[in-house]
Structure formats: structure tokens, C-alpha cells
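Heads up: the structure comes next, in C-alpha cells.
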Amino acid sequence: MTAGEGFVPPGSRVLATWWHELTAHHPQRLWLARLLCHRIDALAVVPRPAQLDPFPLALLRRLSALPPGDNPLEMLHLDRALLARCLRSLASLRLVQRDAASVWQLTASGRQALETGAYLTPYRERRQFYFVDNTSVNRPSHLLPLLHTPSQVQPADRAPLFDPAVLLACVHQAPDWKRRYGFPLDVELISNVTSSASDWRSVIVDFPELLTLVLILTPTDGATAVLGFPVGKDWKLEQENSLRFANGWDEVFPDLSQGPSADEWREAWRTWGQVHDLTADEVDACQVQAAEGRVLIRAPNQVAERLRSGRVGEKLKQDSWLLAGSGRFRLAGQIELLTKEPPG
Amino acid sequence: LLSPAASPPAGISTACLWEDLYPRASASQQQHLLHLAAEQGVLYAHQLVSLSTGAAAATDLSGLLNGTVRDLQPFSCPDLESAADLDPAQREAVARALHTPDVCLIQGLPGTGKSLVAARIVVEAAARGERILVLAPTAAALDRILEQLGGDDSICAVRCCGPEERPETLDLCIRRLTCADRQRFFEEHTLTAARQAVESTQARHAAHRADEAVWQRLDELTTQQHHVAARRRALLDTRSGLTAVLEAEAGGAGATVGQASEFQAQLAELDRTHKEARAQLDGRLAVLQAEADKAQAELPTVQGELERARPLAAARQGGRWWSLAWWKACLQGNVVERVEQAGSRLDELLSLITRLSGETTELQAERDRIENEYQGDRNRRREAQLAYRQGELDDQLAALAQEERLLVDKWYLACRDLSAGVTPPADMTAAGLETGRAAWRQLLCDDEQQVELARQWLGGIEEIRASFLERLHSYVNVVAATTYALPGDPHFGDRAHPTPFDLLLVEEADHANESEVLAAARRARRWVLLGEPLLETETGPASHRSASGSATQQSGSRLGFFHRLWKHLHNDPRQLPYTWVLRRGHLCCGLHPVPHGQERWVQSERLADRPDIELRILSVPRQQPLLVEVIFPPAVSMHEAKEYLFRELEELTIQAHGTSLRWQEKPGQVVLRLASVASPDARAVPLDPGVRELVGRLPGAQLGEKEGPAPWQTCRVEFDRAAGWDRRRAEQWVEQRLQLRNLGRTVLLGVPHRMQPALAGWLSETLYEGAYHCEELSECNSSAHPAVEFVAVPALNGPAESRRRGDEEGRRRGGGIATVAPRLRPVKGGAGLEMDLADVRRVVQLPAELRACLPGHGLINVPEAQAIVQTLETLAGDPAFQAAVAAWQRRHATVCDQANPRHAGRQHGHHPAVAVMALYPSQVELLRRLIQRAPLLASGPFDIQIGLPSLFRQRECLTALISLTRSHTHRAVTYGDHPRQLLQALTRARSRLFLFGDPGTLARRSQWQGPVDHLDEVTAGRERYLIGRLVGALHESGPTSQSFRLHEGGSV
């Protein structure tokens, strides 16, 4: 299942409820986003502090104080194999290394470990990274700065192939970029398999998922930000936003700023009209125009009168929201009914 | 409305994580997933669906033992780099063991390098960062691997000791690997050294600190020396300015009071005297000058008077009255007198002037002389004064130099007082001293640092002292234990650390206990098992060729777990049911073997369209008819027959004599190799499009025979890539037609490394159905001696034997050389030379001194033992043999030292030159006594070890002498506790093998079927096979018979 297929959007009342719930954020626009995401499960190399045991610490001290050319294997009177294993173990922690003359020497990390008694070990742990799939707009997937994982996600049974290079490239981005898009700054490396003989733990796994979010455009500090609220079961909005873009959202969602076309608004109006017992002629007689979060419906007097009164009028008061668009972003707009001037 | 996440589609749960999923996958799934991941760069969730359903489970060794190998997928592995010392099979074994996702079985005949391969696997796996558990049923096998690990720093091995094992009985190099020894080494060596280091650094620091006084003294001496030097410089300056000073003093200034007064007084006196003398002279000169001046002043007057008067006088005297002068003279009066007076006066004046001038000159000369004397005197006095004063200064300088020398001596002495390691000042200057002292202070700092470091090191290792073995656990990457000792080991046993191992390696797995190995297998991710193959009698092709498969089942159930696993995992092309034989010139293809007793149900039919082809069909009542054989007319060649069978019956009638399937991927082809040796004249049989079978002549087979096995075999099957074949498709094709699948988990080692070609050839032919692969086998008769010699005891041409044999039989044998030896006649029994020591009536026949040394029970064979001693004596007198022994000992000493420098100097007795083996302890004891008493052997001409075959497990020798011992009169008897013993004894030697036995007893044993004594039917069958092969060798059959000699005369 992809973002658009088989998705039945919520009704006008749900949109009204969302708008009401989000009033505190002073929304200027509201979208319903149905995003195809790649939840990437990968082995990340993250430096973690660890305490040195007395024995390795003593060994590091001895190594640090050895005059050049002295062989620790001889000086320490330890079993050769045992000492070699200890040194290799320290080498695997990047605390010691062999120099060109195959003499063991402390690395910068080793010297730091010696001073502090602790060291940063390249800890390997599996991390999950969300990428929004931008294949529909002919753009590569982009890291999605989710503040927290939504409680409700739907696995996607079909998805375009994810290019692991996108993830691997994130590691090399500038810190500003990482902060902006929520890539963890502590990740030093993402492991990946290069051959069938590689470590199986390094395999990157892609779990395609569908994420439903309500996005709002909200004013903040003289600018605008985009907030994303996960949609749970029965169209319930989660209290906390899981997405927040102060800037850069157009890079993640290049197609967000493109609003629905006039035809799509008209189609949304037509759907609304069908649901609310308007005849096709009545619907077609109205002019539909989107303007700043509102949908201006210019109806002939007769139709306008009918919409304002009676049962339909009651419904219009409660269900005054349209959702237009057919892609992954659908823009919501509140109906504002205007009387159409008679021709001539 | 369909709300999101209301119904997640079937498939993988989002909660599934890779690290949960992967371990649950089977090995083949894991392999497949890794392959996919490497290919795609990422795995997609839908590719994990099968894992999440839990359909597959990780490979389980016990499951494999039960034959559940369907799930195993073949795997490929890269060739092993840096293993030039291994033969190709050994390299493949190591590579497969390292890369197998689950299990790898390595089978090798004795002497094919299993231990070497095991050691190399351990080394390579350790280098890849893996933890390895090495198990073996015997300590000998275990230690053999550990010995070969060498001094590789990447390996930190621990040898677990069994409860009954005493560490002191282990070789030193093995004992060092035990936990107890490692702890002891740590405490006695590392800790002691660390303590000593603390003490020595402290002592050095104290000694250096004590140098403070020396430095003060050096400081004082340097100061003194500085002063002395200053004084010396001043004196030198004084000395150099002394002339000027004296000049000044002579001039009357700048002198010291004492010296000036004397020197100046002298000069003053001199000046005074000089002045007085000069004044006197000057006075006299003045007087003279005055007189001279007076005379001079008068002189003109006189001269003028004279000049004026003289003409007057002359005129008067001349009377020249006419002259005025005359008149003047007259007028002036007495002019003449006056002239005379003036002349006299002038003379007087001139005389006076002359006198005065002379006197003046004299006085001037006197004055000059006085002046010169004065100056000379003055100079002399000054010079004397200068010399005097210089002498004084020189004395002072000499004294200062002496003082300086003393100071330098003292300085050097003080420098010597500095402790070792302290660099004395470069020179006796303040700067030099300061530099030296700075270096000393730095040394003190270094000392303090060293003391601190030594203390910290000591503290660090003392802290881990109590938990050393626990910490050792985290550093050890090779744990070696016997299968029975591992579970109970306190440090690495089941109840100790549950840290899993990456690899379990079981040496001698064919002798290991199944439950112990299975228990250990749970602690490792992958398993490598090494063992020897069974003799052909136990697992030969015949047992696999039953139509019903019941024979396979039966034999399989009796096999040990190693051989059961081998059977499940290894696809032996010889197991294929197809047989090609020639029968009266007709080529017959057996498609299925006919079970014993069902031959009568076989019916013949002719094909309607090819009446020259005869079909033989097994039609057992109430069973489906089965085509068991196709007989072709004489004109049909093997290739045509094969092509026909594939085309008409879709039967891939492969008959191959190789022991393994081997896939090769070439640029244009995928090749399945079936023969161990390539056949250059192989011809292709076209099968499917792009597929052909290459059929070649069997090595050594003769063409043109009308009867017997067909002399061809399938060498390989080739699949053209151009026709769309790839490895996977080809494997499927072969599996579909032959039910053969090379899982890549078995490797067969066949190249003999221990035995020389002649001996290997004989063993291969006699015991292992030609299983040893060695190109040199054909040249095995190049040695001066046959590799194997059988000494018949008693002599076949002796009286007892002659009685047993007819004269005619005896005539056919001659010379005792078996190259022309006769066939042994079927006999009813042996010579009866064996003796049971429990039989008192027979024991009394032994010499008393021998009897006292022997145990109270057990079998001995005195004539056989004597024959062995005699053979040893013969060998001792053989210079060629002595040279071979010397070379052997050198080689083993070198090899041992190279393999592990820590083993250097070890006794070469570990691999003796000569091994004397008997199958019974009592015979071993008898042999030991007799060899000790043999005069020629008492001097120890070579290294001889005597024992049961088990003593020589995992060992080898140059020459082996085996006493078979048994010599019963009529009964079929067993040879040793188990046929394994005899097999072990036969495969220990490198170059020569001597067998001593009673041919009659051997022949009797080879004729007996069924259980014998303590041996059950299966074991007795193995022993019978073995003895039968020996008896066969006595009959001189087989291509390697030139390597064998039968000594009929009871001795070599």
C-alpha cells in the first residue's frame, strides 16, 4: 500500500475537530499528510564512555611510560600470548596502536583514557532512522526529524526501494544540518555489509511504513513553522507534535507548498455537496476559490439561501471544512459561503 | 472508513528487529539474507517475512545427526591465502571450516595432516577474532594441536585438565597453558617481577637522591677551582704586564712600595752616582771649554796681530825700506819681537787649544763611557728585577696549578661517587655543573615517575590477582579440553562462564562421545569435526547401493555420530547406484542393484524398436517392476550407451570413482568434477542443451577386456554458461537427476604427508582401497628396501610349517623374498607359539629371570619377540638405516623448534626413530626386557620406544615394528582389544614397517566370520577385514606389491 492508494480521508467534522484542537497553535493552514516512510534499522557506531579496568589501565600507564624502542612484551613479564591479547583488546578499543616499527603506542584516545580512567568505546547499537519517501516528486528520500515515534504506524506492503547511500550520507552532513533534521550527532558511522562475508549485524533493514500526520503552518517568532501531529486510531490527534520544522521543511516536503488545484477544490466541494444533499446542478452553480486557509464558495442566491437555512444550513455550521488534493498532502480549508451576484 | 494502522497487513511485525530475527534463521537463510544485503545494500522488510513467521530454526547439530539436512544450502568460500605449506585439500578444509555457517566435517586418513589442519583452523579463526573451543576425546590429540599452534601472539590458549590428569605429566609447553600454571606464572613471575621492579626503582631513586651531597661537593670544588683560575689569570696578567710595570717603576711611578723602594733606591743610587760622575766630567769639560774658548777668543787676536805685524816684521827684517811696511815697522817699534811674541803666543794658543781639545775629547769619551755604563747597569738591574719578579709570579702560578690539579682530582673523585646512571658534569665549570645537575634533577623526576608507575603496575596486577582466572577468561580465545573433562572444568565447564564460542573444533571426532560433543556443541555457533574415515568394509559403496536402502539404514545406525554426520552431509559419487560392466563383450548398465536373493525375479526383455538392446527387469511379486539393468550390443560404445539412456530413460548413469563432488566455476562453464584424477582423453556425451558428460578411461584400466568392470568413469559434467546455465541451476539439475548435492560441508584429506610414497602406497592399496592421493605412489618402489616387510614367525620354511604344507608348496617358495612369494595355502590354524602367562604349566618353560619380570597374565609370543630383537640388531648394523635415523632426529628437532620456539630443546623421543609396538601389554613388557638385554641394542644405537599402539597416538616414527603376537594352533583369535589398535600401529611409520606374525593364525582369522571372543559382530567384521587385507598382501596381490616383502625364514 502506498501513500495515496486506498486511503479514505476524514470528513469535515474531523477536520473541524482538529482545527479546534490546534487552535492554541494558531494554525494558518492545515494539511493531512499521508507519508510513506522508510524506518531504517541500522547498526550505528556511537562512542560511549566506559571505565577502564585496573589491569588495562595499568597496562596503558606502562605503555605510556615505556622509552622508545622498549618492548612491553619483555618489560612486563606477562605471558606473551595473554599480553598480546590484552593489547589487541585495547587496540580494538582504539586506545593503542602499533606504529610503523610495530611498537605498541598509545593513541590520543588512549592518552585521554589514561588521564581520565575512562574512554570512549565505539559502541555498536542498532538505531532507527525515519526517512520520508520522496519518489513521487522525483527526489531522494529525506531524513524525517521525528521528535518521537508515533504510536500508530501502518506497515506499507509496497514501497519504492530505499537507497542506503542516503542514510550513509547523513553521517557526513554538517552539524547544523544534523540538528535541523534530527540526525543524532553522536553517530560516528553507519555499518553496512559489503559482501556476504561481512558481519551480519551490519545489515541495514528497511521497514516501509505509512505515517499519517496533521501538519499545520503556525506563526513563530516572526516566521512560520510547520508542526506535525500524529493521527491515531479513529482520527484522534496525539497531544504532542512529533514533527517541528522551523525551516527546511520545503527540502523534506518539496510538494507541501504546492496547494491543490482549482479542480481539486471543486472536486472537494462536489464531494461535500453530495454528502450534504446538494444536487449536482446546485454544486456546479457555485464558484469555488481557495484563499488563505478558507474556501470561498460563491453560490447563487437560491443555493446560498438553501445552504444557510434548513437542515443543510445546520450541517454547514458543523461541517464547514473541505479537504482538497489527491497526493500525500491534502490541504484543508474552511468553507465561507458568499452570495453570487446575479448575472448582468 | 479505514483508519490508519487499524489492520496492519500480514507480514512482518514492526516490532521485529534484525538482531532478534537473524539468529532465528537457519544457516542457509542467514547466508541468503547476507547475500541479499550485500547485493542490495539493504534488506527490505518483505524479505524477512519468512523469518518472522518462525518457519525456520537455526541449524542444530543433533538435527543434522538425524539427517535433517534439507535446509542446508551450499555455500562458497574464498581460497585460503598464505597457506602455501598446505596441500589443496588441506587448504580447502581450512577455508571451509572458517566459512561454514554451521558445520564442517574433515575426514582424513592417518598421516594426511588432520592435526595440522586443525591447528591452522584455530590460528586462522583466532586471527579473525573468534573464540574457539577445541575438544578431543584424548589428551594426546588435544596436545598435538596445541603444540602446532606455535608461538602465535594472536592466540591465548588454555588447556583444561581432566580430574584424573596430573599437570606434571604434561609436556612443559602444554602445562604452561593450564589455568593452574598460568596462575602460577602470574604470581611467581609477573607479580614477583612487578615487586622487584618497585624495589629496584625505589632503590635507584634513593641512590640518585643520595647524590645530592656529591653535587654540593662538586659545587664547592667548582667554586674553588673558579677562584684559583681567577687568581691564575690575574697572575698571568701581572706577569704579562711586568715589563711595563718595571718601566714605570724605573720611571718612578706605579710600583709597589716594598719592591719599588729597593729597586728604585738602587736605580736612584745609580742615577746619583752617575749624575755625580757626569757632573764632575761636565765641570771639567766646562773648564776646558772655558779655557778653550778663551784660547779661541785670543787666537784671532793673536793671529790678527801676527798677520798685521808679520809683513812689517818681514819688511824690516828684509829691509825693504822702500816698503811702507818697513817704515811702519820702524814706526811701531819692536815689530819683530812682537811678531815673535805673537807667533809664540799663537803657538801657545794653538797648543793650548789642541791640548784642551784633546782633553775635552777624552772627557767626552769618559762621559760617554760613564753614560753607557750607567744605561747598561740600569738595564741589567731592570732585567734582573724583571726576572726576579717573573720568577716570583711563576712560583705562584705553579702553586696555583698544583692547587688546581688537586681540585680536579677531587672533582673526578667526587664524580665517581655519583651513582650509576647519573651522568657526571661534562666539565668542571659552573655551566657544566649546572647542566649535569639539571640532568640529575630530571633523572630524579624520572625515577619518581618510574617508582610511581611500578607501584601502579604492581597495584593494578595485585588487584586482579584474586580474579586472575576470571579475567583470563575474557582474554582467552582458545580453550582446549578433552570431551570428558570440559563439562566439569571449574573455569570453562558448563557451570562456569556461559560465554559462547564462535567455533567448536573436535579432533578425533570419530572417537568422541556423541552426547559430550552435542553438549559442547550448544556452546558454539559453528562446529568443525575432524576424524578418520571408516574402512571400506564399514561404509563401502556396496552398503549404499541397495535398492531398498535398508542396508544403508542398518549400517548407518551402527555408525558413530561423526560418520553418521558424514553420511548425511557428504555426497560420495561412489554411492550412485549405476554400475557399468562388460559381460562377454556386452556393455551392461546397472541402474539399480538387485537385492540378494531376488536374482531369480529378474526377467529379460528386448526393446521393440531396438531388439539388440536387452532390458533386465526385476519383477518381484506384489511389487512394482523395476528396470535394473540395460545390456547393449557389443558395437555400442560407452558414450552411445550413455547418450541413449539419458535420451530414452532420462537416466544420468554416472559411475565415478572420486570421493567427492566438486563444483568449479569457470568463465564460460560451470563444472561438476567427479573424478579425483583428471583424464586427458575424456570424451563428451551430450545430454541436455549446454550440458555434457565427460567420460574418460579409469587410471590403470586396460581397454579391450571382455569381462569385468567397464574401464571408464565419468570425470566431470560441464554446463555452458552461454546456454543459460549458472551454478544454482546446474546444482538443481544434478540434484534432480542424481539426488546428489554438494553442501560444501565436507572435505576429504587424502594426501599422505607422514608416510613416504612407498609405504603410503602399500597402506592405500592394502587398507584404504586406494584412498590416499599421491602422485608419487607410482614410483613407490624406488627405495632400496621394501616399505613393508612381514616376518613370518615361525619360519614358513621351518620344520613345523613344512609338516603343515606339502613339499610341493614348499618348493614353490624360495629365497624368503616375497616378490616371488607363493600364495598361502588355506590353513586350519597357526603354529601355537603364543603363551598365556596365566597358564602356569607353560610359563615354567620361560627362563626364570624373564619370568620374574613379566606380569602374571596376558599373552606373549617369545619367538616373535626374539625375531623383533634380531631385526633391531640387524637395523643397528645397517649404516644406511643409521643415517636415516640421524636425519630423522635432526628433522624432528628442527621442525619442533620451528613450530614453536618455546618447545626448543625438547626430546626428539616424542617422535621416536623406531617404535616397537605389540597389541598386548605383556608382550610389550617381554619386548622391553629382551631389547634391554640385547648387547647390540644396549648401547642405544637409536631412539627406540616400546609400547602399545595407543602410546603412539598422534605420534609418528621412522620405522615401526609390530608384534601381532597371536599364534594359536587352531582357533580364530582376535588381535588386540580393538581393530583400531592394529590400524593405529600400521599407520605410525614414515618409511618402513615391519610386521611380525604367524601367517597361519592370520589366515585362520581372515576366514572366520561372526563375533570372536570379546568382539561383537561389527567390530569383529572390521578386524576380519583388516586381517584379510594383510593376508591378501601376503598373497602378493595388488600393484604396490613391490613395496612388500615376506620373510619366510623367521627373521629379516
Side-chain angles (χ1 to χ4, degrees), chain A residues 1 6-8 10-11 34 39-41 53-55 57-59 61-62 65 73 76-82 84-86 88-89 92 126 152-155 157 159 161-165 192-198 200-212 231-235, chain B residues 1-6 8-9 11-14 16-19 21-22 30-31 33-35 37-38 40-46 48 78 99 129 151-157 176 182 185-186 189-190 192-194 197 449-450 453 456-461 463-464 471-472 474-477:
Chain A
M1 186 183 294
F7 176 65
V8 179
R34 177 81 164 158
R39 179 166 59 89
I40 302 299
D41 185 37
D53 275 355
F55 182 54
L57 190 61
L59 194 56
R61 281 203 191 101
R62 291 300 292 177
L73 304 179
L76 302 181
H77 301 277
L78 268 170
D79 177 83
R80 285 175 61 87
L82 180 63
R85 287 284 298 162
C86 298
R88 278 165 189 267
S89 158
S92 69
R126 290 200 82 78
Q152 296 282 333
V153 288
Q154 184 180 0
D157 54 357
L161 299 183
F162 175 74
D163 181 5
N192 196 8
V193 291
T194 50
S195 74
S196 53
S198 302
W200 65 270
R201 292 172 185 83
S202 302
V203 167
I204 298 174
V205 188
D206 173 18
F207 297 96
E209 289 173 352
L210 286 168
L211 204 61
T212 309
V231 178
K233 199 174 176 184
D234 297 330
W235 306 113
Chain B
L1 294 180
L2 177 67
S3 63
I12 188 157
S13 156
T14 54
C16 285
L17 292 176
W18 173 243
E19 287 189 350
L21 292 173
Y22 185 84
Q30 290 175 349
Q31 193 83 11
L33 289 173
L34 278 180
H35 178 73
Q40 302 169 162
V42 63
L43 271 184
Y44 299 104
H46 68 269
L48 306 178
H99 292 95
D152 196 316
D153 282 348
S154 65
I155 290 178
C156 184
R176 281 178 181 161
R182 281 193 179 279
F185 181 88
F186 179 75
H189 198 73
T190 311
T192 307
Q449 200 180 353
Q450 289 296 325
L453 280 169
Q456 284 172 347
W457 173 246
L458 178 63
I461 59 174
E463 200 170 331
I464 63 164
R471 286 170 191 276
L472 181 68
S474 61
Y475 291 115
V476 160
N477 57 349

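Below, read A as the first sequence line, B as the second, and so on, with proteins coming before strands; counting in each chain starts at 1. Computed from a predicted model, the values in this text were never measured in an experiment.
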Residue, of A/Leu82, A/Ile40, A/Asn192, A/Val205, that accumulates the most heavy atom pairs under 4.5 Å with chain B: A/Val205

Chain A contact via B/Ile155 - which portion, at a heavy-atom distance below 4.5 Å: backbone

Polar side-chain atom of A/Arg126 near backbone of A/Arg201 as donor-acceptor pair, under 3.5 Å: yes

Engaged part of B/Glu463 at the chain A interface, taking heavy atoms whose separation is under 4.5 Å: side chain

Atom of A/Arg85, atom of B/Cys156 and distance for their closest heavy-atom approach: CG-CB, 3.2 Å

Flag side-chain contact, heavy atom, 4.5 Å: B/Tyr22 against A/Val203: no

Segment of A/Asp53 engaging chain B (4.5 angstrom heavy-atom cut-off): side chain

Heavy-atom pairs under 4.5 Å with chain A, option from B/Gly129, B/Gly459, B/Ala193 with the top count: B/Ala193

Toward chain B, the part of A/Leu211 with a non-hydrogen atom under 4.5 Å: neither

Whether B/Tyr475 and A/Phe55 hold their rings parallel, tilted or perpendicular, with breakpoints at 30° and 60°: perpendicular

Side-chain donor or acceptor of B/Tyr44 paired with backbone N/O of A/Pro208 under 3.5 Å: no

